[in-house]
Amino acid sequence: MRVTSEPWPAGDWRRLLAEAVGDADELLALLGLDGRVRSATPAGGRRFPLRVPRGFVARMRRGDPADPLLRQVLPLAEEDVPAPGFSADPLGELAAPPVAGVLHKYEGRALVVATGACAVHCRYCFRRHFPYAEHHAPGGGWQATLDRIAADPGIAELILSGGDPLTLSDARLAELARAADRLPQLRRFRVHTRLPIVLPQRVDETLVEWLRAMELPTVVVVHANHANEIDDDVRRALAALRATGASLLNQSVLLAGVNDSAAALAGLSETLLDAGVLPYYLHMLDPVAGSAHFAVAESRAAGLVRELAARLPGYLVPRLVREVAGAPSKLAVDLEV
Ligand SMILES: *Cc1c(COP(=O)(O)O)cnc(C)c1O
Ligand code: SF4
């Protein structure tokens, strides 16, 4: 499979982002599912509305209410059913709100919550109740954030996270990238983004230009949960990212009804590798209110990853991890349980 590594034309992604589907009835009609799926309008769907770019919808199977991509974005009535152990703030971020855009969550790494915006609203998102708007980096510039990082010589890696940082303008991102290159203690620059998957046109000429110009080694961690998310448009975006010299990794969330089979996980790993991306993490679902219908028990998750490890080379087996509030790192799930 040969795909061009030319980036997409500059700026088209903004129009495509503005044209994203925001209405469940429209989404179901596009898929020929009107009348066949109860178009739920749960309270959670109003606070965290449906949002999905049309190119992602085009990768869903028409007429299949169980499509694994549809399930990730369609608000269901199940979201309103309270579940024990599932809360609005499973990671305790609201109790200890991050200061002005910088979350010092991990040793040696500064995680910058750059923006609250996402191109897609994933129903399982652990931050679906998080008031990003109050915590994102100040609109005027990055100086305060950079000063805070510069003051801590222990920080070797700057991680841009969100929301989705690639919804920011390239002017702002390029400014941060240049400033990061000038911070002597930094060794790596990392971006966590789902945009190359859900809106591949975001990997345009302008983005590629500043990324390629960076001196720091860069790592781009994308987020795909199922092989069907990766079509030729996405392959082109990933090839263009790779052509900048960036290392590409993927993180996924283990989701019931989406990728909770060894076959689905193996298909994802192999499709990622074909597109130049190595699997990194497979996250256990964070117990966020409204997402209990995606939960996979830990013993079952461990079994799936054991099965995956038996089928695939080790470098195609993601690390099964869960996030624990206050822990210094993600915790590996014991595969022997
Ligand atoms: C866990 C996490 C990190 C850092 O973890 P690594 O183990 O260094 O990859 C960074 N950003 C986000 C959003 C995370 O969830
Ligand atoms: S792209 Fe990431 S941050 Fe945005 S809604 Fe999906 S899981 Fe949440």
Side-chain angles (χ1 to χ4, degrees), residues 17 20 22 44-45 47-53 56 69 71-75 79 90-93 98 101-133 135-136 155-168 187-200 202 217-226 229 247-255 258-259 278-286 288 290-291 294 318-333:
L17 184 59
R47 284 193 302 267
F48 185 62
L50 181 144
R51 180 174 215 194
V52 55
F56 195 77
L69 278 55
R71 186 168 167 84
Q72 294 179 52
V73 302
L74 182 67
E79 291 187 14
L91 303 181
E93 288 184 336
V102 183
L103 279 159
H104 268 281
K105 264 180 81 174
Y106 304 95
E107 192 179 334
R109 286 150 288 173
L111 191 149
V112 177
V113 174
T115 170
C118 282
V120 65
H121 284 173
C122 312
R123 306 316 301 172
Y124 53 85
C125 181
F126 76 105
R127 283 181 166 155
R128 53 181 290 165
H129 305 282
F130 190 79
Y132 287 108
H135 297 297
H136 65 68
I155 295 174
E157 179 168 359
L158 194 164
I159 305 173
L160 259 189
S161 186
D164 202 310
L166 292 192
T167 55
L168 293 179
R187 310 245 347 233
R188 294 175 292 280
F189 182 80
R190 180 178 354 162
V191 182
H192 279 236
T193 174
R194 188 145 155 74
L195 270 171
I197 306 295
V198 299
L199 191 66
R202 177 63 185 94
T218 55
V219 180
V220 178
V221 182
V222 298
H223 171 179
N225 300 309
H226 192 281
E229 291 171 47
S247 301
L248 303 188
L249 303 172
N250 180 67
Q251 55 177 348
S252 328
V253 182
L254 184 59
L255 300 166
V258 174
N259 58 10
L278 284 173
Y280 180 32
Y281 283 138
L282 176 62
H283 295 263
M284 294 296 296
L285 180 75
D286 291 310
V288 63
S291 71
F294 287 114
R319 267 165 272 180
L320 181 65
V321 291
R322 79 196 144 83
E323 192 98 38
V324 175
S329 72
K330 294 180 207 313
L331 300 181
V333 172

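When a ligand or atom number is given, it counts from 1 through the structure's own listing order.
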To the nearest 0.5 Å, what is the distance between [atom1] ([X]) and [atom2] ([Y])?
X: Glu79; Y: Phe294; atom1: CD; atom2: CZ; answer: 7.0 Å
X: Thr193; Y: Asp164; atom1: OG1; atom2: CG; answer: 3.5 Å
X: Arg128; Y: Arg123; atom1: CZ; atom2: CZ; answer: 5.0 Å
X: Phe189; Y: Leu160; atom1: CZ; atom2: CG; answer: 4.5 Å

Problem - Results of salt bridge (charged side-chain N to carboxylate O under 4.0 Å, His left out) for Arg202 - residues two or more places apart only - result: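 Partners of Arg202 by the salt bridge (charged side-chain N to carboxylate O under 4.0 Å, His left out) criterion, ordered by chain and then number, come out as Asp170, Asp204.
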Problem - All salt bridge (charged side-chain N to carboxylate O under 4.0 Å, His left out) counterparts of Arg190, not counting sequence neighbours - result: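 Counting only residues at least two positions away or on another chain, Arg190 forms a salt bridge (charged side-chain N to carboxylate O under 4.0 Å, His left out) with Glu157.
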Exercise for the section: Determine, considering heavy atoms only, which of Ala117, Gly162, Cys125, Cys118 sits nearest to atom 4 (Fe) of ligand 2. Expected result: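 Closest candidate by heavy-atom distance is Cys118.
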Problem - Nearest neighbour of atom 5 (S) of ligand 2 from the list Ser161, Gly163, Cys122, on a heavy-atom basis - result: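 Nearest option to atom 5 (S) of ligand 2, by heavy atoms: Cys122.
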Problem - ligand 1 contact on Val221 by region, counting heavy-atom pairs under 4.0 Å - result: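 Contact part for Val221 vs ligand 1: neither.
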Those atoms of ligand 1 less than 4.0 Å from some heavy atom in [X]:
X: Tyr281; answer: 6 (P), 7 (O), 9 (O)
X: Leu111; answer: 10 (C), 11 (N), 12 (C)
X: Ser161; answer: 13 (C)

Problem - N/O separation below 3.5 Å, Lys330 to ligand 1 - result: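 There is such a contact, yes.
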Problem - Polar atom proximity, Arg190 to ligand 1 (N or O, under 3.5 Å) - result: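 Among all N and O atoms of Arg190, at least one is under 3.5 Å from an N or O of ligand 1.
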Problem - Residue His121, metal atom 8 (Fe) of ligand 2, N/O/S under 2.8 Å - result: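 Checking atom 8 (Fe) of ligand 2 against His121, no N, O or S atom falls under 2.8 Å.
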Handout entry: side chain to side chain donor-acceptor pair (under 3.5 Å), paired with Gln251, selected from His223, His283, Arg319
Key =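 The side chain to side chain donor-acceptor pair (under 3.5 Å) with Gln251 is passed solely by His283 among His223, His283, Arg319.
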Handout entry: Atom indices of ligand 2 within 4.0 angstrom of His223 heavy atoms, with elements
Key =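 Answer for ligand 2: 7 (S).
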Handout entry: Which of the ligand 2 atoms, numbered from 1, are nearer than 4.0 Å to a heavy atom of Arg194
Key =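 Counting atoms of ligand 2 from 1, those under 4.0 Å from Arg194 are 1 (S).
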Handout entry: Test side-chain contact (heavy atoms from CB on, under 4.5 Å) applied to Leu255 and Leu285, step by step
Key = CA-CA 7 Å; Leu255 300 166; Leu285 180 75; 4.1 Å; yes
Handout entry: Region of Arg128 that comes within reach of ligand 2 [heavy atoms, distance under 4.0 Å]
Key =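 Neither part.
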Handout entry: Residue-ligand contact Asp164/ligand 2, heavy atom below 4.0 Å
Key =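 In this structure, Asp164 fails to qualify as a contact of ligand 2 - no heavy atom is under 4.0 Å.
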Problem - Backbone N/O of Ala224 and side chain of Ser252: donor-acceptor pair under 3.5 Å - result: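 Between the backbone of Ala224 and the side chain of Ser252 there is a qualifying donor-acceptor contact (under 3.5 Å).
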